[in-house]
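Written below as structure tokens is the structure these notes are about.
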Amino acid sequence: MNINFKKIEEKWQKRWEEAEIFNANPDNREKFFITAAFPYLNGVLHAGHLRTFTIPEVMARYQRMKDKNVLWTFGYHVTGTPILGLAELIKKKDEKTIWAYTNLHKVPKEDLLNLTTPEKIVEYFSKKAEEAFKKAGFSLDWRRQFTTNDEEFKKFIIWQFHKLKEKGLIVKGSHPVRYCPSCDNPVEDHDLLEGEDSTIVEYILIKFKMGDIYLPAATLRPETVFGVVNLWVNPNEDYVKVKVYDEEKKSEEIWILSKKAMNKLIHQNKKFEILEEFKGEKLVNLRAINPITNKEVPILPAEFVKTTVGTGIVMSVPAHAPYDYIALKDLNKLDEVGIIPLIKVPGYSEYPAKDVVEKYKIKSQKDVENLEKATKEVYKAEFHKGVLNENCKEYAGYKVREIKDKLTNDLIKKGYAEVMYEFSVERVRCRCGAECVVKLVKDQWFIKYSDKKWKELAHKCVDRMNFIPENYKKIFHEMIDWMKDKACVRRRGLGTKFPFEDGWIIESLSDSTIYPAYYTIVKYIKEHNIKAEQLTNELFDYIFLGKGDIEEIAKTTNIDKEVIENMRNEFIYYYPVDWRCSAKDLVPNHLTFYIFNHVAIFPEEFWPRGIVVNGYVTIENQKLSKSKGPLLPILEVVEKYGADVGRFYIATAAEIPQDADIKFSTLEKTKQFLERFYLLAKEIIDMKDNKESYIDKWLLSRINLHIKEYKNYMDNFELRKAGILIYEFLEDLRWYKRRGGNNKEILIKFIETLTLLLAPFTPHICEEIWEMLGKEGFVSLAKLPEVGEIDEEILKGEEYLKRLIEDIKEIIEVAKIKPNKIYIYTAEDWKCEVCEIVNKNRDKNVREIMKEIMKDERFRKKGKEISKLLNTIIKINAIPLDEEKILSQNKEFLEKEFNAEIVINGEDKGNKKRFAIPMKPAIYIE
RNA sequence: GCAGGGGUCGCCAAGCCUGGCCAAAGGCGCCGGACUUAAGAUCCGGUCCCGAAGGGGUUCCGGGGUUCAAAUCCCCGCCCCUGCACCA
């Protein structure tokens with residue numbers, strides 16, 4: 001029973017292409033614009049792409065069958081550094097790269113060694129991607145393809161940046177990066193030997209004063225500044241007195257801090273001139289003034305002070321920091337310097353630090369293990385539940401977590417404090433072996449995502465958008481709140497030249513935010529051979545914003561007025577994007593930028609309408625990896641299992657938000673399933689009989705019920721549920737046959753429906769069957785079936801029979817009887833009446849239903865019995881049915897099933913009749 | 001740390017929002033049967049424990065609670081995964 005899927009697929013792909021049926025042009029139908037985040041082309045399309053792209057592909061086909069005018073297309077992302085880096089690695093014949101690309105990406109070695117420039121790589125992999133899309137049967141409009149390195153597209157990006165700049169959203173500033181001083185370069189995760197998962201943490205330096213000298217105390221808890229009773233230094237470490245020049249503030253000050261800290265701050269916009277070097281002990285017992293409280297405090301020695309973190313100067317807050325508390329006790333100074341409570345925390349005394357030191361039985365500052373635990377506990381409790389007390393001046397009464405940011409900003413604004421960046425882990429090392437530092441990059445260009453007004457617009461957009469799954473609405477709101485300014489230019493890589501300063505290239509996440517708009521017009525640019533230099537800012541203003549004088553623009557750009565008008569109209573027709581689909585990794589970056597940039601540039605009617613976020617893909621429980629594998633290229637799936645199999649499997653392997661695990665054995669099963677479907681269709685088409693029977697109506701009802709459910713599922717992107725429904729169809733067919741159904745007319749309707757519903761998932765095999773059914777035209781363009789009559793009673797009747805069969809079977813098995821005669825007794829009338837009352841009061845709860853029943857005096861007499869009955873009726877969800885009629889109609893069927901005589905409501909054998917309940921008849925077997 | 005997702009009867013995985021057709025769908029695996037020369041495929045049945053009458057018992061990470069009724073709602077705790085940006 002080998003079916004040549006490959007041949008079928010090629011046949012239909014060719015026909016689709018010849019007929020150009022997926023090319024989209026505006027007309028008077030309702031439009032549907034769906035997009036997926038385009039792929040980055042530093043390799044072949046793999047199983048992850050297959051999932052993320054099959055979701056919109058299936059949806060595009062579904063909507064097309066709902067008679068929508070669907071725009072569905074793709075571009076390629078090529079800007080940035082990875083492709084550049086790949087070209088260099090290939091040129092160098094890097095062993096690991098060669099291995100990965102020949103074995104995982106399946107690039108023949110002779111081809112691979114040729115890919116020594118970014119341009120060649122883009123050309124090669126874009127061809128491969130196109131081949132993969134085509135062989136997977138994607139219904140794309142191929143006239144709209146482009147890459148982000150096309151000169152025409154770059155003009156679009158330049159226009160976008162002008163729009164942002166006009167609104168004041170492109171700004172210059174500095175920002176911290178991980179940096180290797182030895183390589184003199186920022187380092188990315190994969191450049192690191194150690195400390196890959198480190199993040200950059202902001203320490204606050206509170207500048208204590210000693211005359212005109214500052215001692216910057218580094219802290220993560222600036223809110224405790226009100227409770228400082230002394231400062232700590234490490235007596236054995238090296239400290240320096242320095243002249244500090246701040247390059248940003250252009251100011252000069254004298255500081256004392258550890259030598260190590262100075263060496264770090266060199267990278268953070270500061271220049272130093274050493275005036276004096278000494279050991280920490282020299283500072284001991286000097287006094288310094290807290291700039292916030294003006295309180296003078298002594299400087300004391302402590303060994304726990306590390307100079308690898310912070311400045312080597314630490315504020316001491318014994319009420320809330322276990323280290324400080326125990327160190328003061330060690331020195332026997334606690335009484336002398338005092339202890340100031342600041343934060344009230346439920347479950348702790350005035351001095352939480354004291355509580356935990358006692359709780360963990362900490363005896364000295366050398367007990368680091370317990371001190372860490374204690375510190376964590378106090379910090380957590382105080383941050384989450386703590387409220388600042390009256391010692392905290394204007395911040396009194398606020399919760400720590402609410403006021404912390406404001407307090408910090410206030411301190412900085414007033415000049416009492418500065419920011420110092422540190423890694424979250426102690427050691428971060430570059431591949432070259434050198435220790436990395438946090439460097440503050442100067443004169444960097446940013447997109448000002450921190451802008452409050454901008455954020456408000458983004459929130460407004462999110463409020464109106466649809467999200468699949470729904471909880472992403474909340475997540476996007478949070479993303480918008482957390483968004484900081486993003487550096488938008490780089491020195492290296494492919495991409496658009498930054499229009500406002502030479503030497504920069506627009507960073508690749510920033511050049512891919514509003515490109516779906518470009519899809520709507522790129523076909524005109526290609527068709528009319530429009531050159532990059534013709535694509536002026538004024539032209540884009542007109543097309544996307546309706547601004548400017550078209551006559552003028554036509555003249556200056558030398559583009560036909562009509563063409564410009566068409567572009568404008570096509571944009572208006574298809575925009576906004578109805579759904580944007582992506583895997584969840586793009587949520588905190590691309591998808592959020594997508595929203596931001598749309599609301600900044602376009603009027604409200606063109607803001608995004610919806611986002612679909614899908615989970616990841618694993619293969620036999622292994623994460624995908626472009627460099628280590630597994631990868632499973634789309635082309636390999638298509639080759640080994642067939643396009644339809646791959647599509648159906650991946651689209652239904654998991655619900656959208658869940659991660660999907662690809663299992664080869666299940667893929668194999670899917671293949672068998674599709675083969676069965678095809679053979680079944682063939683069998684039905686070849687049928688000669690046309691026997692009508694009672695069960696026909698049941699099957700029709702089931703078909704209609706499934707059509708209805710299918711549409712509900714598909715409209716909500718519940719592809720897995722829609723897929724499972726297809727299997728239910730086959731189960732229905734089994735029951736239909738078992739009940740003696742064999743009506744060709746009905747079965748043709750059955751297979752026709754199934755073909756239509758499967759077509760978005762498995763279009764090739766469906767086209768083939770559609771043709772076998774003698775239908776005109778492509779199933780891809782056919783209309784979905786309407787929902788016909790659903791006869792609830794006949795559905796319930798069959799369900800009743802199924803349940804009865806189950807019951808009888810169970811008795812036979814447990815009692816180990818071989819039945820000769822089966823007696824079936826339906827419930828007495830009064831029980832059916834109760835059942836009816838229950839069904840009429842579905843919306844009420846049990847107690848209320850009981851009240852309703854007890855209105856009748858006859859029932860009141862049977863109080864106890866009724867309450868039991870009521871529970872059972874609810875539990876088995878019984879509805880009133882003419883059971884006796886169903887039984888007698890199907891007596892023959894039951895007799896055949898059990899090979900025994902069936903007696904309906906006959907002599908009460910074994911005193912069983914009294915057990916009968918609506919939809920659960922009593923049974924006696926002999 | 002912050003945020004999000006998750007822990008279900010061998011495995012995978014529904015259900016949870018909207019409590020009661022939930023001993024809990026479906027698939028895989030396993031066991032038995034039909035078909036077949038055989039294999040595969042397909043079909044029928046079984047797969048927590050007990051049971052010679054459709055029943056009973058014990059289950060949905062652990063512990064409390066709400067309710068006539070909890071896998072589902074609430075509280076506390078444990079464990080796992082992902083993201084935290086300048087990188088596509």
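Every chain is numbered from 1, with letters handed out A, B, ... down the list of sequences.
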Does a nitrogen or oxygen in the side chain of Arg676(A) sit under 4.0 Å from OP1 or OP2 of rU42(B)? yes
Using whole Å, what does the distance between atom C1' of nucleotide rA14(B) and atom CD of Glu728(A) come to? 12 Å
Output one letter per nucleotide in nucleotides 48-61 of chain B: B when a protein non-hydrogen atom lies under 4.0 Å from the base, S when only the sugar-phosphate is that close, - when neither is. ---BSBBS------
Mate of rC9(B) where both pairing distances stay under 3.5 Å, Watson-Crick or G-U: none
Classify Met483(A) by what it touches in the nucleic acid, base, sugar-phosphate, or nothing, heavy-atom distance under 4.0 Å. base
Can you label the angle between the Phe893(A) ring and the Trp735(A) ring as parallel, tilted or perpendicular, going by 30° and 60°? perpendicular
Starting at atom CZ of Phe446(A), determine the distance to atom P of rA85(B), rounded to an integer number of angstrom. 14 Å
Measure from NZ on Lys802(A) to C1' on rA25(B) and round the result to the nearest Å. 13 Å
Arg51(A) side chain to Gly615(A) backbone, donor-acceptor under 3.5 Å: yes
Paired nucleotide for rU82(B) [Watson-Crick or G-U wobble; both distances under 3.5 Å]: rA3(B)
Look at the aromatic rings of Tyr40(A) and His77(A) and report parallel, tilted or perpendicular, splitting at 30° and 60°. perpendicular
Any luck finding a side-chain donor-acceptor pair between Thr496(A) and Asp511(A) under 3.5 Å? no
Over how many whole Å does the gap from Leu719(A) atom CG to rA14(B) atom P extend? 14 Å
If you look at every strand shown and take non-hydrogen atoms under 4.0 Å, does His77(A) touch a base, only sugar-phosphate, or nothing? sugar-phosphate
At 4.0 Å (heavy atoms only), tell me whether Asp511(A) reaches a base, stays on the sugar-phosphate, or touches nothing. nothing
Quick one: Asn614(A) CG to rU82(B) P, roughly how many Å, whole number? 17 Å
The reported gap from OG1 in Thr513(A) to CZ in Phe593(A) (rounded to nearest 0.5 angstrom) is 9.5 Å
Check whether any side-chain N or O of Lys721(A) sits under 4.0 Å from OP1 or OP2 of rA14(B), and answer yes or no. no
Nearest whole Å is fine: how far is rC86(B) P from Tyr421(A) OH? 13 Å
Paired with rC43(B): which nucleotide, if any, by Watson-Crick or G-U wobble criteria at under 3.5 Å for both distances? rG33(B)
Would you indicate, yes or no, if rA88(B) has its OP1 or OP2 atom less than 4.0 angstrom from a side-chain nitrogen or oxygen of Ser508(A)? yes
How long is the line joining CG of Leu591(A) and C1' of rA85(B), in whole Å? 14 Å
Do any side-chain nitrogens or oxygens of Ser510(A) fall under 4.0 Å of OP1 or OP2 in rC86(B)? no
Where along nucleotides 3-13 of chain B does protein come under 4.0 Å, by heavy atom, of base (B) or sugar-phosphate alone (S), with - for untouched nucleotides? SSS------SS
Side-chain N or O of Arg221(A) less than 4.0 angstrom from OP1 or OP2 on rG1(B)? no
